[in-house]
K.L.:
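One structure, as structure tokens, below. Some questions next.
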2 protein chains.
Amino acid sequence: MTHPSGTASQLGIIACRGSRTALATPRQRRGSQRVTMGDVARIAGVSPSTVSLYLRRPDEVSEQRGQRIQAAVERLGYLPNTMAGGLASSRSRIIGVLVPTISNSFFAATLDTLEKRLREAGYQLLIGNTEFDEAREEELVRSMMSWSPAGLVMTGFRHGRRTVSMLLDSDIPLVEMWDYGQPALDMVAGFSHYATGQLIARHLLERGYRDTAFISPSFSRDVRAGERYRGFQEGMEQGGARVTMRELGGATDTAEAGALLSELMAERPSISAVFCANDMVALGVMFECQRRGWEIPGRLAVAGFGNLEFTPNTVPPLTTVEPPKYEIGRQVAELLLARLGKSDAPGARQVDLGVRLITREST
Amino acid sequence: MTHPSGTASQLGIIACRGSRTALATPRQRRGSQRVTMGDVARIAGVSPSTVSLYLRRPDEVSEQRGQRIQAAVERLGYLPNTMAGGLASSRSRIIGVLVPTISNSFFAATLDTLEKRLREAGYQLLIGNTEFDEAREEELVRSMMSWSPAGLVMTGFRHGRRTVSMLLDSDIPLVEMWDYGQPALDMVAGFSHYATGQLIARHLLERGYRDTAFISPSFSRDVRAGERYRGFQEGMEQGGARVTMRELGGATDTAEAGALLSELMAERPSISAVFCANDMVALGVMFECQRRGWEIPGRLAVAGFGNLEFTPNTVPPLTTVEPPKYEIGRQVAELLLARLGKSDAPGARQVDLGVRLITREST
DNA sequence: TTGAAAGCGCTAACAA
DNA sequence: TTGTTAGCGCTTTCAA
């Protein structure tokens with residue numbers, strides 16, 4: 001579980017309220033039978049199929065009847081039954097989206113713009129957490145497919161064998177996001193984490209750092225951090241430099257990063273730069289430096305990944321890589337809508353959104 | 001738009017990749033007609049309704065036929081059509097959830113546990129961003145209701161008039177979350193932001209601070225921050241102390257907070273403590289103090305709200321209030337499931353989850 | 001442009 | 001325990 005309360009090294013805790021009350025229900029059930037299209041038709045004096053047509057393509061219905069239908073809809077507060085419509089037409093306006101965890105700020109940002117763009121186009125998001133678990137992913141794909149979704153969005157390229165075959169068997173448009181450069185099932189919107197690692201390597205080499213470290217959450221939880229490491233490590237090695245790697249154990253990146261840094265520097269004091277797998281880890285490293293009075297970048301240079309909200313304001317401002325977290329959402333929506341709009345759309349489109357290196361004073 | 005690129009005061013930017021390739025589609029459409037329950041029945045040599053029964057209540061079907069059905073399901077890769085099922089039974093296993101923005105880390109955390117608990121119980125989440133906009137909220141409620149959801153979850157108590165009447169007209173179980181203490185439509189799981197403000201007021205008064213400030217994102221975007229301010233303000237006033245309030249303009253809390261603090265302290269140097277509407281603002285304030293060489297809490301005490309991942313590790317560790325962000329998700333799920341499970345469940349339940357004051361060295 | 005009729009794939013009485 | 005029979009509320013031919 002990700003609940004942080006256990007980790008807080010609080011000096012004092014005061015509980016405030018915490019009551020449970022069962023009140024009389026303030027909601028009065030204004031008993032309501034569901035209003036159907038037939039009811040609207042009766043009130044408007046037309047046939048149900050005319051109502052259906054009006055609702056879907058208003059301009060194919062005469063203006064006079066259209067107005068009568070509109071009035072009836074409003075008077076009755078008619079809400080179409082989407083499931084009936086979906087069943088009859090055998091398609092739905094649902095897009096299923098799978099992320100490892102919604103609460104990861106990167107994915108949350110992507111979901112934000114994705115939801116926005118797709119809602120504007122009349123689609124709705126069915127969201128599931130895979131929790132980095134292939135079995136859960138398979139189960140989720142299965143239950144999303146049972147909705148006959150208009151499209152599916154998944155994170156990364158790693159899926160179970162059975163999941164892949166379900167995906168291939170259907171012809172539901174699929175976008176794999178947040179990664180790029182490996183064999184994909186259909187469409188892709190993301191960027192190369194390997195190239196990101198290389199980008200930072202090049203930067204640190206240019207600035208003359210030769211003895212470096214990489215601190216990261218566990219690769220088993222964050223596959224993409226592992227890819228960044230690969231890129232970084234190979235890049236540094238090619239430049240004749242050295243990388244010491246350390247994985248964090250727990251869930252809270254910032255807290256543990258400080259401790260790990262101390263350990264690492266005690267073992268190998270010659271390290272002069274650290275690339276952190278994300279900005280939260282970098283923040284923990286910077287706090288540790290502050291506590292020890294180590295100058296950044298004088299004693300130790302620090303670089304991160306994410307360009308989180310606070311990174312331009314750390315002391316000193318943090319060098320980092322900005323991933324296209326919002327653009328990914330937009331691009332996924334674009335790909336999906338293009339495919340859904342016209343069947344003559346080009347086949348699988350794979351979009352590399354790239355990243356930006358933001359050089360600040362910490363390196 | 002929330003895209004941060006404009007704000008980054010980067011010294012240098014290097015774009016890395018950014019290509020668009022239209023590859024030949026690697027997915028081969030293994031043309032697939034949808035397998036129906038009738039197909040399964042035929043293969044298993046039973047009637048469709050027996051298959052239906054088996055899928056819903058396996059123990060009411062004889063073991064022999066059960067196995068034949070199971071085998072047929074697996075052989076055909078049968079996936080039930082949820083829309084047909086939902087239409088026939090006139091209920092769905094969908095829960096609609098409305099949050100202001102998914103990318104807010106508090107709501108994202110809640111969504112995380114909410115999704116987890118509800119998925120375990122066989123429900124799926126349809127998620128929508130209201131973007132603090134009543135019209136959008138109404139539109140979303142409308143489209144969620146058209147799915148005949150099993151339940152609805154909304155953030156806070158503020159809804160448009162028409163939204164409220166739609167909600168009251170339906171008898172869909174509803175939970176309003178992340179707030180407590182105001183008139184609710186049905187069930188509630190949250191905590192009092194007013195009480196939270198008072199809690200911090202009491203704490204600062206105890207420590208002897210009398211001239212204080214409150215720095216916050218705009219109340220129009222964050223209604224609940226406004227409630228915390230009310231509680232804080234009234235609490236301090238009753239203790240004979242003073243509060244100067246400042247609202248931030250932009251979207252990035254950390255960045256602007258530093259500038260605002262400088263301004264504020266220039267105007268009124270006697271201020272000795274700041275309560276920040278959230279930990280991100282507090283972080284910005286702490287960075288500013290670090291830059292100016294102001295000691296915390298000697299020159300200025302700082303308190304936050306959120307107990308975000310990094311707050312135990314700031315220098316010095318930050319006093320803050322921990323909201324039950326994960327518990328809210330769990331509790332919302334509990335309320336919904338209790339109501340959905342048995343119709344004899346008690347009426348509207350309103351649960352105050354409370355908060356914890358975590359006293360650290362910054363005050 | 002409008003309406004009648006036939007399903008979409010399942011669930012839920014009910015009868016066997 | 002199993003099968004038969006009607007729908008659920010829409011969309012979609014097809015004819016008028």
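The chains referred to below are lettered A, B, ... by the order of the sequence lines, with proteins before strands, and numbering in each begins at 1. Below, each value reflects all heavy atoms present in this structure, side chains not excepted, and no hydrogens, waters or symmetry copies.
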K.L.:
Kindly indicate whether the side chain of B:Ser49 and the base of D:dG3 share any N or O donor-acceptor pair separated by less than 3.5 Å?
P.N.:
yes
K.L.:
Starting at CZ of A:Arg68 and ending at C1' of C:dG3, how long is that distance when rounded to a whole Å?
P.N.:
14 Å
K.L.:
Without decimals, in angstroms, what is the distance between B:Met83 CE and C:dC8 P?
P.N.:
14 Å
K.L.:
Between A:His159 and A:Glu137, is any side-chain donor less than 3.5 angstrom from a side-chain acceptor?
P.N.:
yes
K.L.:
Kindly calculate the angle separating the two end axes of the helix from C:dT1-D:dA16 to C:dA16-D:dT1, each obtained from five base pairs, and round it to 10 degrees.
P.N.:
30°
K.L.:
Does A:Ser62 place a side-chain N or O at less than 4.0 Å from the phosphate oxygens OP1/OP2 of C:dT2?
P.N.:
yes
K.L.:
Does this structure show an ion pair linking A:Arg161 with A:Glu138, if we count only N-O contacts that are shorter than 4.0 Å?
P.N.:
no
K.L.:
Assess the side chains of B:Tyr54 and B:Gln70: does a donor N or O sit below 3.5 Å from an acceptor N or O?
P.N.:
yes
K.L.:
Without decimals, in angstroms, what is the distance between A:Leu53 CG and D:dC14 C1'?
P.N.:
14 Å
K.L.:
Examine C:dC10: is either OP1 or OP2 under 4.0 Å from a nitrogen or oxygen in the side chain of B:Arg56? Give yes or no.
P.N.:
no
K.L.:
Whole angstroms only, please: what is the CG-P distance between B:Asn81 and C:dC10?
P.N.:
6 Å
K.L.:
Drop me the distance from B:Leu353's CG to B:Tyr180's OH, to the nearest 0.5 angstrom.
P.N.:
10.0 Å
K.L.:
Less than 3.5 Å between a donor and an acceptor, one on the side chain of B:Thr50 and one on the base of D:dT1, is that the case here?
P.N.:
no
K.L.:
Return yes if a side-chain donor-acceptor contact under 3.5 Å exists between B:Ser146 and B:Arg142, otherwise no.
P.N.:
no
K.L.:
Both B:Ser89 and B:Val61 contact DNA chain D. Which one's nearest nucleotide lies toward the 5' end?
P.N.:
B:Val61
K.L.:
Does the pair A:Arg339/A:Asp186 count as a salt bridge with the N-to-O cut at 4.0 Å?
P.N.:
yes
K.L.:
Categorize B:Arg57 for me: base, sugar-phosphate, or nothing, with a 4.0 angstrom heavy-atom threshold over every strand shown.
P.N.:
nothing
K.L.:
Classify B:Tyr78 by what it touches in the nucleic acid, base, sugar-phosphate, or nothing, heavy-atom distance under 4.0 Å.
P.N.:
sugar-phosphate
K.L.:
Under 4.0 Å, counting only non-hydrogen atoms across every strand here, what does A:Arg65 touch: a base, just sugar-phosphate, or nothing?
P.N.:
sugar-phosphate
K.L.:
Is the ring pair A:Phe106/A:Trp178 parallel, tilted or perpendicular, if the boundaries are 30 and 60 degrees?
P.N.:
tilted
